[in-house]
Student: 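Handing you a structure now.
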Protein chains: 4
Amino acid sequence: MPRTPQQYQQLKEERRSALLKAAREVFARRGLAATKMTDLAAAAGISYGLVYHYFPDKESVFATLVEEAIQDGIRLLTAERQGPGTPWEQLQRFCAQILEHVREETSIPLILVQARASESIPAPVQRALERYTTQFFQQLVELIEAGQSAGQIVKIPAAELARLLLSTVQGLALTQVLPRPDDAPFPATDTVLRLFRP
Amino acid sequence: MPRTPQQYQQLKEERRSALLKAAREVFARRGLAATKMTDLAAAAGISYGLVYHYFPDKESVFATLVEEAIQDGIRLLTAERQGPGTPWEQLQRFCAQILEHVREETSIPLILVQARASESIPAPVQRALERYTTQFFQQLVELIEAGQSAGQIVKIPAAELARLLLSTVQGLALTQVLPRPDDAPFPATDTVLRLFRP
Amino acid sequence: MPRTPQQYQQLKEERRSALLKAAREVFARRGLAATKMTDLAAAAGISYGLVYHYFPDKESVFATLVEEAIQDGIRLLTAERQGPGTPWEQLQRFCAQILEHVREETSIPLILVQARASESIPAPVQRALERYTTQFFQQLVELIEAGQSAGQIVKIPAAELARLLLSTVQGLALTQVLPRPDDAPFPATDTVLRLFRP
Amino acid sequence: MPRTPQQYQQLKEERRSALLKAAREVFARRGLAATKMTDLAAAAGISYGLVYHYFPDKESVFATLVEEAIQDGIRLLTAERQGPGTPWEQLQRFCAQILEHVREETSIPLILVQARASESIPAPVQRALERYTTQFFQQLVELIEAGQSAGQIVKIPAAELARLLLSTVQGLALTQVLPRPDDAPFPATDTVLRLFRP
DNA sequence: CATGAATGAGTCTTCATTCAT
DNA sequence: GATGAATGAAGACTCATTCAT
């Protein structure tokens, strides 16, 4: 008595999600080139060849994760932008959330770091990264400029501040998950926000 | 007219330097795993097998670059610490210099990013990275605490500030050299220093 | 209303036949090594794993087809041998029929071509091919010699003529089904029979 | 003291030729899909990875052989066409030569059989095969028609005769090299030429 | 020293076969 | 019986490293 197509479909979804979750951790720590398919299979607790039932090759697993991470980032920012409060409060919440991701080692920001950290990333991933980064960056600039108009944010070119924030977040992600000999505490959101104080 | 042993020695030194310089660029952009020996040879303009006259294997080229980068960072900080002026002025000069490195894409900070960005780094490199990072971090904390005693730096735990600075620098390195779709300007030193203003 | 065992049996026979028919087409065009089990399942319109209800493995599907083809060839020749008319008329009818098979792209002769075209055919298939080819060849030689005794066939060693006929038939099969850029007409039986005219 | 580029070049040519020669035998007997890279390396007496110094992948080795075989066939026909004698004599010499190839198991005609015998041949090879087959076929038709005008060849549509000849040659190649249980003698050129006698 | 050919271990990928449902 | 997910052995391909010249 075979399963219904729906059952198969659902099962497949679940497995696929589990695989992605496991793969995120592995890629985040090792990068694309240094990650082996066996690593992915082992991390997901499935057999070697089964990965290929869900993704055609290693790169496409990575690509999926990158797009996911990008979408998550955009969603985070957009949600706060549309939320209540002044621009400053929106920025505050956005920073708090994204830093929380980083602190919790959700691996999502690290995937973007890994994607950036190698030129030998497949071209489609490159393009997606460019496209969405631009979009994300623009939204952030708009938020900052709104805050500046309201006198809540220091009058430094918004693009400069935006880039600084993104760099800091990515840098923190990098120093959070990977060999961190130092017992340096994760910075408070307010500390990071000092960059924006008037 | 054969060369003297000294000439040979010098030639070898020069080649080795040239190779390291070329390798730094390549590793900075691709990472250890994704860089091939042919890439190194091609970048240095020497033949394939000749790389092995200077280094026993790929990892040791990378390891050399990592240690170099670490030493450079420590030297930079130490020099300013021993230089004239108040702690604030020392911090200011240090930031200015290290940001200049990043902006100029000297690749030196990026090598550290690459070293951090993969768990699959050879153990000796790992250890060197840990050791020196600790040392570097301690010096930075001392500098910050000195500035705080002098009332020149905001009273936030020095370790937190130190980590934030290092993260920001590495994040900027990451977004400087690699595909950067955004035309975001490189931040001014003073903007970064806002993190430390009382 | 459950089916009777007979009905089940019949259903199974039918499926098996359909599978063989589909497999014949696929193997004829791709050969044993290049044909995948998915190809067979897809061609037969059944599910992936179901093939294994009818055959233990891929090779045995192929082996079955080869034996079938051999038996068909022998049956064809034997039937004409036992039919009415002179040896020449028997040869004539045999050629007409086998060429008809080839022209109609029944795939039966092509299976034999595929079986011949690769050394990496399972040993049992090899042996069957040898055994039956010998048998078939002998019968054909006998027919030719009978025709020669009757003065109806040219006096060239019968084995030579037999081999030539078989080669021609297989060659025609090869050029009939596969990419045939040329619009060359399929030769008439009489043209082929010129080989045998006194 | 390294070799000069010329020496390297020559060495490479020679090795490449040797590899092609060995590969021809293997592909001729096994076909593309059933041939393993280890087979090629072993047949050529070189190491596994070295094959990839000469060809980017398995298919391109095969493709090279197919083009070679096609060119050889065309060259053979063209040479005789431009040679002395009546059309009949030209045809006679062409048949003699190509049959000699087949008899000697030069493998060249078999490569074409193998190329025809599988749909799963890379597209470029497919196209080359089509293109050249057309060209070859046309020349053969012209030769036959010339012979017919001179009353030396039977008045059957030239295209039909041409196809028959090619099929016969390929069929003979197939039955020559591969498991041939029968001790059937290779047919004399004159026997094949009976197809064309008026 | 310098060169690039040669080797083969390590990975990716495919796919025949098995198996739980 | 029927389905397609799961497994893993086999084979293609890459590339670090060695070596003859």
Student: Check whether any side-chain heavy atom of Y48(B) sits under 4.5 Å from a side-chain heavy atom of M37(B), and report yes or no.
Tutor: yes
Student: When the distance from CZ of R15(D) to P of dT7(E) is rounded to whole Å, what number comes out?
Tutor: 7 Å
Student: Strictly under 3.5 Å: I want the nitrogen or oxygen pairs between protein and nucleotides 9-11 of chain E, one per line.
Tutor:
residue, atom, partner, partner atom, Å
dT11(E), OP1, K36(A), NZ, 3.2

Student: Give the rounded distance in Å between these two atoms: CG of L50(D) and P of dT18(F).
Tutor: 18 Å
Student: Rounded to the Å, how far apart are D57(C) CG and dT17(E) P?
Tutor: 5 Å
Student: Nearest-nucleotide wise, let me know which of K12(B) and V51(D) is further upstream toward the 5' end of DNA chain E.
Tutor: K12(B)
Student: Locate the shortest heavy-atom distance separating A128(D) from I70(D); write the atom from each residue and the value.
Tutor: O-CD1, 4.0 Å
Student: Please report the distance, rounded to the nearest Å, between CG in L11(D) and P in dG4(E).
Tutor: 13 Å
Student: Counting just side-chain N and O atoms, does Y54(D) come under 4.0 Å of either OP1 or OP2 of dG4(E)?
Tutor: no
Student: Round to the nearest Å and state the distance from E14(A) atom CD to dA6(F) atom P.
Tutor: 11 Å
Student: Spell out, as yes or no, whether a donor-acceptor pair under 3.5 Å connects the side chain of Q114(B) to the backbone of A28(B).
Tutor: yes
Student: Do you know which two heavy atoms are closest between D57(A) and Y52(A), and how far apart they sit?
Tutor: CA-CE2, 4.1 Å
Student: Under 4.0 Å, counting only non-hydrogen atoms across every strand here, what does F55(B) touch: a base, just sugar-phosphate, or nothing?
Tutor: nothing
Student: Any Lys/Arg nitrogen of K21(C) or E25(C) sitting under 4.0 Å from an Asp/Glu carboxylate oxygen of the other?
Tutor: no
Student: Identify which one of Q9(D), Q10(D), R16(D), R15(D) satisfies the side chain to side chain donor-acceptor pair (under 3.5 Å) criterion when paired with E13(D).
Tutor: Q9(D)
Student: When the distance from CG of L19(B) to C1' of dA2(E) is rounded to whole Å, what number comes out?
Tutor: 14 Å
Student: Under 3.5 Å, side chain of S118(C) to main-chain N/O of R30(D), donor-acceptor pair present?
Tutor: yes
Student: What integer distance in Å separates F62(B):CZ from dA16(F):P?
Tutor: 14 Å
Student: With distance as the sole test, does K58(C) use its side chain to make a donor-acceptor pair with the main-chain N or O of L32(C) at under 3.5 Å?
Tutor: yes
Student: Could you pick out which residue, H53(A) or T38(A), lies toward the 5' side of DNA chain E when each is mapped onto its nearest nucleotide?
Tutor: T38(A)
Student: How many Å lie between CZ on R16(D) and C1' on dA6(E), as a whole number?
Tutor: 18 Å
Student: Just need the stems in DNA chain E: three or more back-to-back Watson-Crick or G-U pairs, each with both distances under 3.5 angstrom, sorted by first number.
Tutor: E:2-21 with F:2-21
Student: Let's test your reading of the model: under 3.5 Å, does the base of dT18(E) pair with the side chain of Y52(C) as donor and acceptor?
Tutor: no
Student: Ignoring hydrogens, what is the shortest heavy-atom contact between L40(C) and L19(C)? Give both atom names and the distance.
Tutor: O-CD1, 4.3 Å
